[in-house]
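Taking it in order: structure first as structure tokens, then the write-up.
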There are 2 protein chains.
Amino acid sequence: MATYKTRAQFVADDLRGRILGGEFKGGTQLRQDALARDYDVSRIPVREALLTLESEGLVEFHAHRGAFTTELSVAKIRELFDLRVLLETYVLRHAINGLTEADLKKAGDILRKYDQALNSGGDIDNWSEYNFAFHQALYAPAELPETLSLISQLNTKSDRYIRMQLVYTQEIEKAEQEHHGLLELARQGDADKACELLKTHIQEACEGIVALLEERAKQSETS
Amino acid sequence: MATYKTRAQFVADDLRGRILGGEFKGGTQLRQDALARDYDVSRIPVREALLTLESEGLVEFHAHRGAFTTELSVAKIRELFDLRVLLETYVLRHAINGLTEADLKKAGDILRKYDQALNSGGDIDNWSEYNFAFHQALYAPAELPETLSLISQLNTKSDRYIRMQLVYTQEIEKAEQEHHGLLELARQGDADKACELLKTHIQEACEGIVALLEERAKQSETS
DNA sequence: TCATTGCAGTTTGTATACAGTGTGCGAATT
DNA sequence: AATTCGCACACTGTATACAAACTGCAATGA
């Protein structure tokens with residue numbers, strides 16, 4: 001969370017993007033030496049970056065065998081999304097109370113920017129950022145930084161799968177509509193309905209991912 | 001979470017204990033060189049340990065100025081305890097459904113061991129471990145590993161303050177009684193009452209800590 | 001007197017170097 | 001032919017070494 005950029009942090013940020021972007025499938029070994037050559041740094045900042053990613057749950061260390069990208073089971077994905085429902089409805093409820101015009105405008109601006117990017121054929125990397133930015137903007141007025149940090153953690157862990165779903169299904173438009181709905185309910189101050197919508201928003205994404213994963217599992221069985 | 005022990009992990013574990021034990025007050029600088037000499041290792045594992053502790057929220061890095069122990073504001077403490085209520089009642093509810101005799105016995109055993117340690121004048125370090133072990137035993141049957149991990153995070157962040165409260169007030173006996181009550185309600189399968197008790201158990205601890213901190217703030221003002 | 005600049009000392013962040021441990025392949029044995 | 005042993009290689013984990021950056025103090029100037 002430090003505001004400055006060490007080499008280690010640069011590597012961590014870039015590597016996170018590569019993992020979330022799907023460049024490394026689950027369980028692949030990340031060799032420190034190779035990564036060090038990739039980024040033209042020594043292995044020390046690479047190790048530190050890997051440790052950071054370990055704490056984020058994207059990577060696991062094994063004794064004297066180094067770091068491997070993690071892969072989530074369907075059960076864990078379900079658990080993560082259930083947690084997201086629990087925590088995000090919790091903050092949304094808190095946020096809606098103290099929502100100002102400025103907050104609504106900010107969230108609306110992000111949403112509009114995102115609409116534009118979408119219409120002009122924006123790609124997935126941007127989508128993740130916009131999606132996260134919108135949710136954060138909506139949650140920020142709750143002034144619960146620790147909670148937001150937890151939510152951010154959960155998102156990081158599941159982001160790979162969300163992107164996967166977006167690539168293979170056409171869920172983006174639907175998510176977009178739900179975002180507009182969410183913003184409208186927030187504007188009206190209807191916390192119950194907003195939370196209900198948020199809940200189904202998250203749960204449907206989860207089910208989409210699970211369906212996709214199980215279909216894949218079947219395919220690799222028969223092949 | 002790797003199961004093996006590198007020097008870095010040893011340092012991290014020990015240092016965590018020292019921070020939580022109150023050896024370093026909030027905001028004190030942790031010099032890598034000094035720690036390296038302390039543990040008779042080079043600065044590399046020390047740095048890695050500090051990075052681990054940073055991800056746990058016990059330490060903060062500042063640009064070219066190294067690591068400092070963090071200090072929580074009253075608002076953040078309240079937020080953390082509110083989160084604990086939310087997450088712990090959530091898992092307790094799930095756990096109570098699938099609770100077996102073996103689970104109850106395990107939790108009971110821990111509680112008994114803890115009673116013994118308490119009667120023979122056990123100290124605070126042990127208390128933290130026992131307390132955590134008891135809660136984990138009670139929550140484990142929920143089979144929600146990610147959730148338990150989040151709860152564990154929250155506990156780590158607030159553990160310093162819990163210990164402080166226990167040192168300065170005589171809350172241990174009360175907590176102990178509540179633990180027994182919790183176990184009994186779990187045995188009866190009364191999720192509602194158990195969650196209610198857990199909620200007040202956590203909230204009262206929070207209020208105790210906040211009262212203590214505010215008293216201290218007043219004292220340092222007048223002095 | 002107070003602010004500003006420059007320098008020395010200290011500490012971090014990283015590169016290089018090295019020792020220990022796991023891995024995989026081939027030889028030897030049954 | 002299959003299994004076990006051993007050796008060479010590869011990679012990790014850590015120590016040492018070095019450069020950049022920050023801190024604090026002293027000297028200078030207004």
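The basis for the numbers below is simple: all heavy atoms, side chains too, and nothing from hydrogens, waters or symmetry mates. Below, chains carry the letters A, B, ... as their sequence lines are ordered, and counting in each starts from 1.
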Is the distance from OP1 or OP2 of [N] to the nearest side-chain N or O of [X] less than 4.0 Å?
X       : N      : answer
B:Arg47 : C:dG13 : yes
A:Gln32 : D:dC11 : no
A:Arg65 : D:dA10 : no

Contact residues, residues 39-46 of chain A to DNA chain D [heavy atom, < 4.0 Å]: A:Arg43, A:Ile44
Separation of atom [atom1] in [X] from atom [atom2] in [N], rounded to whole Å:
X       : N      : atom1 : atom2 : answer
B:His62 : C:dT11 : NE2   : C1'   : 15 Å
B:Arg7  : D:dT12 : CZ    : P     : 18 Å
B:Phe61 : C:dT11 : CZ    : P     : 16 Å
A:Leu35 : C:dA15 : CG    : P     : 14 Å
A:Glu48 : D:dT14 : CD    : C1'   : 13 Å
A:Gln29 : C:dT23 : CD    : P     : 10 Å
A:Asp33 : C:dC18 : CG    : C1'   : 14 Å
A:Arg37 : C:dA15 : CZ    : P     : 14 Å

B:Glu23: side-chain hydrogen bond (donor to acceptor under 3.5 Å, both in side chains) partners, not counting sequence neighbours: B:Arg18
Side chain to side chain, A:Phe10 and A:Pro45, heavy atoms closer than 4.5 Å: no
Side-chain donor/acceptor of A:Asn155 to backbone N/O of A:Ile151, under 3.5 Å: yes
Side-chain donor or acceptor of A:Thr69 paired with backbone N/O of A:Val59 under 3.5 Å: no
Sugar-phosphate, base or nothing in reach of B:Arg31, heavy atoms under 4.0 Å: sugar-phosphate
Note: B:Lys76-B:Glu71 ion pair, threshold 4.0 Å (strictly below): no
Under-4.0 Å salt bridge between A:Arg112 and A:Asp115: no
Set of residues satisfying side-chain contact (heavy atoms from CB on, under 4.5 Å) with respect to B:Asp82, sequence neighbours excluded: A:Tyr90
